[in-house]
Amino acid sequence: MNHRKLGTSGLHLSEIAYGNWITHGAQVDNDTAHACVHAALDVGITTFDTADVYSDTKAEMVLGQALKGVHRADIELCTKVCHPTGTGRNARGLSRKHIMEACHASLNRLQTDYIDIYYAHRFDATVSLEETFLAFSDLVRQGKVLYVGISEWTADQIAEGAILARELKVPLVASQPQYSMLWRVMEAEVVPACVREGIGQVVWSPLAQGILSGKYLPGQPMPEGSRASTAAGSPFMNKLAGQWLRTEVLEAITQLSSMASEVGLTLPQLAIAWVLQNPQVSSAIIGASKPEQVIENAKAAGIRLDREVMMQIDRVLEGLVERDPSKTG
Ligand code: NDP
């Protein structure tokens, strides 16, 4: 496993990170979750990503248990705050009260004394940025948070946050946007704003939630046990299905599968290697419902794709790629 520097910070992340959204505490049982985490450690993944809101806070607990006994300094443990974690009026958002309480709750669930990267999961327009960044600053001074990140903020929001981060000496060094061959929304505005501020990209859903694994075939039923079949009917899956589980997208992906085998890769490996060709990407966070997926996908680390392969991918996906920066968030 290769490691990359996160933006201009001194922190190194594994090129491929492991995340537990949807899986831990929900789609997969705890034994499988632990097996995935151990497969990740075995292939050299050191960066782990979760959020307080995943599986109603259960995902952090499962990850904390699975990482028990691992030397803390050998891993980077990252989590997020903003989405509701309770019914109380203050159990959400980026107020000082919620950030402080959410951080303490995450530390307990993760069974750790500090978080390596603490992300604002979304922008909160109802709270002043001064209040939010002062809370982050205090957590950093207390040693409970080492670095701060934002997720799915627009370029303007990032620029505004960066001014306060500088004033309050908050190490704002990470941005966590969605990024894949199919979803390139971060490229036009978020990445240039981050480059100006020395912020690196830790990107999510490099397989477009498994669509870019090639297992969803045009005109065929969804594979049993797959994310699209287990979450079928949920609002987020309806959105995903409308966007990508369409014949024209799935036919293009079938062509990409053949291209991948021509260069000696599986399609998941090609898709993850594709996001890692972008030098602004510090790490790609993969999800997995089985340890075998972690082992297969981790082989994408360190792969260089020829210019011709990159151009061929663009030709196959012409007209199917989302690039509109207004889709951020
Ligand atoms: P991916 O795009 O990597 O999708 C992962 C899913 O694809 C797996 O759970 C599995 O689903 C399927 N899959 C993976 N590998 C293979 C394979 N080799 N063959 C076949 N199927 C495969 O990432 P996720 O969407 O899971 O997101 C990754 C992480 O990003 C999350 O865990 C979270 O940490 C972070 N994230 C952050 C967000 C944010 O707002 N900041 C939002 C969403 C995610 P299955 O087997 O069930 O079909």
Side-chain angles (χ1 to χ4, degrees), residues 13 16-28 32-33 36-37 39-40 43 45 47-55 59-60 62-63 76-83 117-123 149-153 174-183 185-186 190 201-217 222-232 236-237 239-241 244-245 253 257 260 265-276 281 283-300 327-329:
L13 302 179
I16 297 181
Y18 172 81
N20 70 354
W21 175 53
I22 292 187
T23 52
H24 293 189
Q27 185 194 0
V28 306
T32 308
C36 287
V37 168
V43 297
I45 288 176
T47 307
F48 291 84
D49 186 83
T50 186
D52 56 357
V53 73
Y54 294 169
S55 304
E60 283 188 334
V62 176
L63 186 61
E76 303 79 49
L77 197 43
C78 314
T79 191
K80 317 185 192 79
V81 54
C82 189
H83 289 306
I117 308 174
Y118 199 34
Y119 291 94
H121 209 156
R122 290 292 180 273
F123 189 77
I150 46 84
S151 178
E152 296 289 344
W153 286 26
S175 156
Q176 191 176 124
Q178 180 177 180
Y179 190 49
S180 68
M181 285 178 186
L182 288 168
W183 191 269
V185 162
M186 73 168 197
V190 164
Q201 309 299 324
V202 181
V203 302
W204 58 272
S205 291
L207 297 184
Q209 298 200 43
I211 308 293
L212 286 167
S213 69
K215 69 184 171 189
Y216 300 99
L217 300 171
M222 288 184 267
E224 211 174 308
S226 62
R227 183 178 294 184
S229 70
T230 48
F236 102 88
M237 197 40 78
K239 191 170 159 217
L240 182 77
W244 289 322
L245 289 173
I253 291 173
S257 291
L265 299 173
T266 65
L267 181 55
Q269 290 162 353
L270 180 73
I272 296 164
W274 184 90
V275 304
L276 290 173
V281 172
S283 183
I285 318 171
I286 58 162
S289 64
K290 299 177 186 73
E292 297 78 15
Q293 293 175 348
V294 179
I295 295 162
E296 176 184 349
N297 299 356
K299 292 189 182 131
K327 298 267 164 72
T328 303

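Counting starts at 1 for both ligands and their atoms, in listed order. Only heavy atoms go into these numbers, but all of them, side chains included; no hydrogens, no water, no symmetry mates.
- Counting heavy atoms closer than 4.0 Å to ligand 1, residue Ala288 contributes backbone atoms (N, CA, C, O) but none from C-beta onward.
- Of the heavy atoms in Asn297, only side-chain atoms (C-beta onward) come closer than 4.0 Å to ligand 1.
- Ring centroid separation for the pair Tyr54 and His83 does not come in under the 6.0 Å cut-off.
- Contacts with ligand 1 closer than 4.0 Å are made by side-chain heavy atoms of Tyr216 only, the backbone lying farther away.
- Residue contacts with ligand 1, taken as heavy atom pairs separated by less than 4.0 Å, involve Ser213 solely via side-chain atoms from C-beta onward.
- Residue contacts with ligand 1 for Pro268 involve side-chain atoms from C-beta outward but no N, CA, C or O (heavy atoms, distance under 4.0 Å).
- Note: an N/O pair closer than 3.5 Å links Trp21 and ligand 1 by distance alone.
- In Lys80, the part holding a heavy atom less than 4.0 Å from any atom of ligand 1 is the side chain.
- Under 4.0 Å from ligand 1, not a single heavy atom of Tyr119 appears.
- Residue contacts with ligand 1 for Ser151 involve side-chain atoms from C-beta outward but no N, CA, C or O (heavy atoms, distance under 4.0 Å).
- Distances from atom 40 (O) of ligand 1 to the heavy atoms of Arg122, Arg227, Gln293, His83 put Arg122 nearest.
- With a heavy-atom cut-off of 4.0 Å, Gln178 does not touch ligand 1 at all.
- Looking at Ala228 against ligand 1, nothing comes within 4.0 Å, counting heavy atoms.
- Checked by atom type, the side-chain pair Ser229/Glu224 shows no donor-acceptor distance below 3.5 Å.
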